[in-house]
Protein chains: 2
Amino acid sequence: MIGIFDSGVGGLSALRAARELLPTRNFLYFGDTAHVPYGNRSPDAILRHTRTSLRFLCEAGVEAILVACGTASATALPRLRGEFSIPIFGIIEPTVEAALSATKNYRIAIAATKRTVESGAFSSALLCREARVRARGFPCPLFVPLVENGVLDKDDPLLHLAICRHLSPLRTFGADVLILGCTHFPLLADAIGEIYRGVALIDSGRAAATQLLSLPPRVERGECRFCVSDDPHSFENTAELLLGHAIRAERVKPHCSEF
Amino acid sequence: MIGIFDSGVGGLSALRAARELLPTRNFLYFGDTAHVPYGNRSPDAILRHTRTSLRFLCEAGVEAILVACGTASATALPRLRGEFSIPIFGIIEPTVEAALSATKNYRIAIAATKRTVESGAFSSALLCREARVRARGFPCPLFVPLVENGVLDKDDPLLHLAICRHLSPLRTFGADVLILGCTHFPLLADAIGEIYRGVALIDSGRAAATQLLSLPPRVERGECRFCVSDDPHSFENTAELLLGHAIRAERVKPHCSEF
């Protein structure tokens, strides 16, 4: 069984890709809906919530975890990996690889939460690999609330305006690649793609899921269990929109002694 | 010293009114930014966060608390009042009084968070007082993220679209009064008022603040201290937009043994 973790529904974009790649595997998805959204919270709050969530998945018996949350991957994962004895995959490295394969002019834009942009995680990883890169982060604080509330239709004028609000300097910057650096954002890819035609969109959830192919192959039942840390109903409703079929989510109480 | 509590910056609309009414009083404002937004969370999560926040204010020595949060007032306050020995004011009762004074046709709409609308707190309180009322709740899940991210300009087309998205059935319903049943929403009153001219808007923060006039008069220094449970910087930035002057906020750690 493989664990997939996100603050809310965003990681379902990674789960979808992971199930396509590994159809016989069992997955345990955990959405920390008690603390969503992570993107504006302080780095130490994100660290605490991520640690609690990863411990929950470990105790449930997963053999590896995909941290399908850009904010947690960028700010908490480097400090947390040493605390766990199983493989923990983040989204930064594989997304950066995919972006570098796609760019021709080395101008790469990163759409992410405020905290991920501030962390500089994507920009540093890009520059480490390729000195010619010019990277620029675009904080998109409204995207997660829009996705969590099911505003996903590419023809929705409200979504159109929010995208232009956050990404309008993209053309001036001249990017030929846009990293969707929060796993909620690939759920808006159709809408973003329609506005910024000709810019290659890098789906961080999909890129991250490919890492799971490195695990020893195993034939399980191809099942998926969904757990959340608060009310499951909103999660179930949005998940149905995203996955195209109904799911049941259980509410669980990961232990955490801190506020 | 009087305590004012909200999940985030919304309660500043009540604080502004309270300082106008009681200019010589000291105020301690607490924004539970570690858990904002409350509006989509489960009732028991809201109860726990509200209890922790009220305890923090009590321990800091306030003599009364204004719960300037619609979601907490609607879902948690009825269960929590008995746990505290100081007066605790919510926003439901005074807002309902103001709405009943303003309506002529007894059709009253309530704009609030999802959880507040589900609680039926405003509708029940209206019907208790006036049997002729027809009340209808409109969940507005995007308003809190918009306010928390400083999208406040009444001419902002994004804000305009979000308002129409959430409130468009208002005209068909025929309301002559709209309760802004979350203290974040009065910060959007200019924008809402421009779209729904002729509908009286009830500012729940202002209505709630008038209750503080019932406290024994006291001359203090007219100072205000701001505390938050997570990163103070975003709070300070949005507070400056709302209050029209810069403030400093301290980060505090209210004790809570639960996740």
Side-chain angles (χ1 to χ4, degrees), chain A residues 8 32-46 48-49 52-53 55-56 113-115 118 139-151 153 156-166 228-235 237-238 251-259, chain B residues 8 32-46 48-49 52-53 55-56 113-115 118 139-151 153 156-166 228-235 237-238 251-259:
Chain A
D32 187 15
T33 55
H35 302 105
V36 72
Y38 277 17
N40 286 346
R41 303 211 189 282
S42 63
D44 63 293
I46 297 162
R48 276 184 292 117
H49 299 323
T52 306
S53 303
R55 283 186 188 162
F56 164 75
T113 65
K114 186 180 152 211
R115 205 59 76 193
E118 281 174 7
C140 303
L142 295 172
F143 285 1
V144 172
L146 288 166
V147 170
E148 290 284 332
N149 285 295
V151 180
D153 182 350
D156 188 325
L158 178 62
L159 187 54
H160 188 100
L161 271 182
I163 291 168
C164 294
R165 173 73 42 96
H166 288 325
V228 292
S229 51
D230 198 13
D231 178 39
H233 302 300
S234 320
F235 181 88
N237 292 341
T238 312
R251 182 168 178 185
V252 293
K253 292 211 173 199
H255 178 69
C256 170
S257 61
E258 296 154 299
F259 185 65
Chain B
D32 187 14
T33 54
H35 302 105
V36 72
Y38 276 17
N40 286 347
R41 303 211 189 281
S42 63
D44 63 292
I46 298 162
R48 276 184 292 120
H49 299 323
T52 306
S53 303
R55 282 187 189 164
F56 164 76
T113 65
K114 187 181 151 210
R115 205 59 75 193
E118 280 173 8
C140 303
L142 294 173
F143 285 2
V144 171
L146 287 167
V147 170
E148 291 283 333
N149 285 295
V151 179
D153 181 351
D156 188 322
L158 178 62
L159 186 54
H160 188 100
L161 270 183
I163 292 168
C164 294
R165 172 75 42 97
H166 288 326
V228 291
S229 51
D230 198 14
D231 177 39
H233 302 300
S234 320
F235 180 88
N237 292 340
T238 312
R251 182 170 178 182
V252 294
K253 292 211 173 201
H255 178 69
C256 171
S257 61
E258 295 153 300
F259 184 64

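Here the structure is a predicted model, which means the values were calculated and not measured. Residue numbering restarts at 1 for every chain, and letters A, B, ... go by the order of the sequence lines.
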For [X] and [Y], work out which heavy atoms get closest and say how close.
X      : Y      : result
A:A34  : A:S229 : N-OG, 2.9 Å
A:T238 : A:V147 : CG2-O, 3.4 Å
B:P254 : B:F56  : CB-CB, 4.1 Å

In terms of heavy-atom contacts, does NE2 of B:H166 have more than 12 from other residues, nucleotides or ligands at under 6.0 Å? yes
Region of B:R165 that comes under 4.5 Å of a non-hydrogen atom in chain A: side chain
Atom group of B:V151 that falls short of 4.5 Å from chain A, counting heavy atoms: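 B:V151 touches chain A through side-chain heavy atoms alone.
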Out of B:D230, B:D44, B:D231, B:V36, which one racks up the most heavy-atom pairs below 4.5 Å with chain A?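 Greatest number of close heavy-atom pairs with chain A: B:D230.
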Using 30° and 60° as the class boundaries, would you call the ring planes of B:H49 and B:Y38 parallel, tilted or perpendicular?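 Rings of B:H49 and B:Y38: tilted, 30 to 60°.
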Pick from A:R251, A:E148, A:H233, A:K114 with the largest number of heavy-atom pairs that fall under 4.5 Å of chain B: A:R251
Below 4.5 Å, heavy-atom pairs only: which of A:L158, A:N40, A:T33, A:V144 has the largest tally toward chain B?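 Counting heavy-atom pairs under 4.5 Å, the top option is A:L158.
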